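Shown next, in structure tokens, is the structure this report addresses.
As a basis for the values below, the full set of heavy atoms in this structure was taken, side chains included, without hydrogen atoms, waters or symmetry mates. What you are looking at is a predicted structure, and each value in this text was computed from that prediction instead of being measured.
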Protein chains: 2
Amino acid sequence: MSEARQLCETRKLRLTSRRRQVLEILLASHQPMGAYDILAELNRVNPSAIIAPPIVYRALEFLMSEGLIHRIESRNAFISCVHPGHQCAAQFLICRDCEQVAELEDSDPPLLVEADNLGFAVDHSVVEITGICAQCQKHAG
Amino acid sequence: MSEARQLCETRKLRLTSRRRQVLEILLASHQPMGAYDILAELNRVNPSAIIAPPIVYRALEFLMSEGLIHRIESRNAFISCVHPGHQCAAQFLICRDCEQVAELEDSDPPLLVEADNLGFAVDHSVVEITGICAQCQKHAG
DNA sequence: AACCATTTTGTTATATTATAACGTAACTGA
DNA sequence: TCAGTTACGTTATAATATAACAAAATGGTT
Ligand SMILES: [Zn+2]
Ligand SMILES: [Zn+2]
Ligand SMILES: [Zn+2]
Ligand SMILES: [Zn+2]
């Protein structure tokens, strides 16, 4: 969170209270959350003024554009970034048993180099590996 | 299509007329299509008996389970596989200008090896690189 | 053929995810 | 304080996907 604050100050961006709320919910979760889960959490914490989906989606859009969170495409869900402000492509290992998501800290995958060699100008990469984590395999075995 | 037919015969699977229709639409498209685009195309071809979403989603599920098509997670869309029946993980380059999708024929990406080393049992991988293809860069430049 | 079990298709309704459009409030710099 | 801009709030609706159950087709068995 303090990282996020610093990052926004450096970039002259407004980490408003709404955006901070959404980021805090994702940071506290340690798991991917759907937009409507986040919405429900916001409304649970403050039931007096019920807010609507666009509020959440706009905050998520801001946080994604600054690399503070990621979208897990294969889950329609969002998760806080483990190293905010990094440039390298995010890569995830997603356990379909315990639902835990690990964000790998690797440097850019070779595929991006290959894309470059093909003359393809990369904007954004989605790398999401689904399976069973080591922990869950032990429990099952 | 004949590949698909052979593959299903070998595996003792029923490539029914509905499934064939959906596969043919995707094969003819050469581009990703949304489930509702496919639905519209089915209903355009045969306006007499209007069909509903579950029909399409079930055909898509079958075709995906047999590796005849892929889902592009970042687009909520489906595309026919360029080498049906292959085992390796699919990887896509997606141009956000011309919307063309290239499926790379590489062997498994190193990340899968790494996942394995971490004791993670991989089920499925999603690799989708978005950007501008070489063609579109020329036109723009 | 007649039967049963299984799979596939069809139908209706509804859930889930996301955005358009427009008005209001807050912030920023002059 | 004023204008310009950005962010927030609200309503409605679009786009994507599935649950649940009924009907039909298929495949093997008698
Ligand atoms: Zn990250
Ligand atoms: Zn697990
Ligand atoms: Zn493929
Ligand atoms: Zn292109």
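Leu27(B) pairs by the side-chain contact (heavy atoms from CB on, under 4.5 Å) definition with Met1(B), Leu23(B), Ser80(B), not counting sequence neighbours. Residues satisfying the side-chain hydrogen bond (donor to acceptor under 3.5 Å, both in side chains) test with His83(A), not counting sequence neighbours, are His86(A). Under the ring pair (Phe, Tyr, Trp, His ring centres under 6.0 Å) criterion, Phe92(A) pairs with His70(A), not counting sequence neighbours. Residues that satisfy the side-chain hydrogen bond (donor to acceptor under 3.5 Å, both in side chains) test with Arg19(A), not counting sequence neighbours, are absent from this structure. Remark: Arg96(B) pairs with Asp123(A) by the side-chain hydrogen bond (donor to acceptor under 3.5 Å, both in side chains) rule, at least two apart or across chains.
Within residues 17-26 of chain A, the residues that have a heavy atom under 4.0 Å from DNA chain D are, in order of number, Arg18(A), Arg19(A). Listed in residue order, the members of residues 39-54 of chain B having a heavy atom less than 4.0 Å from DNA chain D are Pro53(B), Pro54(B). Sorted by residue number, the members of residues 3-15 of chain B with any non-hydrogen atom under 4.0 Å from DNA chain D read Arg14(B). Heavy-atom distances under 4.0 Å link DNA chain D to Arg71(B), Asn76(B) of residues 63-80 of chain B, given in residue order.
Ion pair Glu99(B)/Arg75(B) flagged as a salt bridge, since at least one NZ, NE, NH1 or NH2 atom sits closer than 4.0 Å to an Asp/Glu carboxylate oxygen. Between Glu3(B) and Arg5(B) there is no salt bridge, since no side-chain nitrogen of the basic residue lies less than 4.0 Å from a carboxylate oxygen of the acidic one. Look at Glu61(B) and Arg58(B) and you find no salt bridge, because none of the NZ, NE, NH1 or NH2 atoms lies under 4.0 Å from a carboxylate O.
With a 6.0 Å radius and a threshold of 12 heavy atoms from other residues, nucleotides or ligands, Gln31(B) has its CD atom above the threshold.
Ser74(A) and Glu128(A) are linked by a side-chain donor-acceptor pair at a separation below 3.5 angstrom, with hydrogens and angles left out of the test.
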Under 3.5 Å donor-acceptor pairs involving side-chain atoms of residues 130-137 of chain B, not counting sequence neighbours:
unit_1, atom_1, unit_2, atom_2, d
Gln137(B), NE2, Gly119(A), O, 2.6
Gln137(B), NE2, Ile132(B), O, 3.0

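In this structure, the side chains of Leu60(B) and Val22(B) come closer than 4.5 Å at one or more pairs of heavy atoms. Under the 4.5 Å side-chain criterion, counting only non-hydrogen atoms from C-beta, Pro84(B) is in contact with Leu68(B). Under the 4.5 Å side-chain criterion, counting only non-hydrogen atoms from C-beta, Asp37(A) is not in contact with Glu41(A).
Listed for the Asn76(B) side chain is no donor-acceptor partner under 3.5 Å among the backbone atoms of Gly34(B).
For DNA chain C, the span of nucleotides reached by chain B at under 4.0 Å from its heavy atoms goes, 5' to 3', from dT7(C) to dT12(C). From the 5' end on, the contacts that DNA chain D makes with chain B at under 4.0 Å to a non-hydrogen atom open and close at dT16(D) to dT26(D).
Summary of the strand contacts: Thr16(B) and Tyr36(B) both lie near DNA chain C, and taking for each the nucleotide with the nearest heavy atom, the more 5' one is attributed to Thr16(B).
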Verify side chain to side chain contact (heavy atoms under 4.5 Å, CB included) between Ser17(A) and Arg20(A), making sure each step is shown before the conclusion.
-> CA-CA 5 Å; Ser17(A) 112; Arg20(A) 201 162 45 233; 3.8 Å; yes
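Here the options are Leu93(A), Leu104(A), Ile129(A), the test is side-chain contact (heavy atoms from CB on, under 4.5 Å), and the partner is Glu114(B); only Leu104(A) passes.
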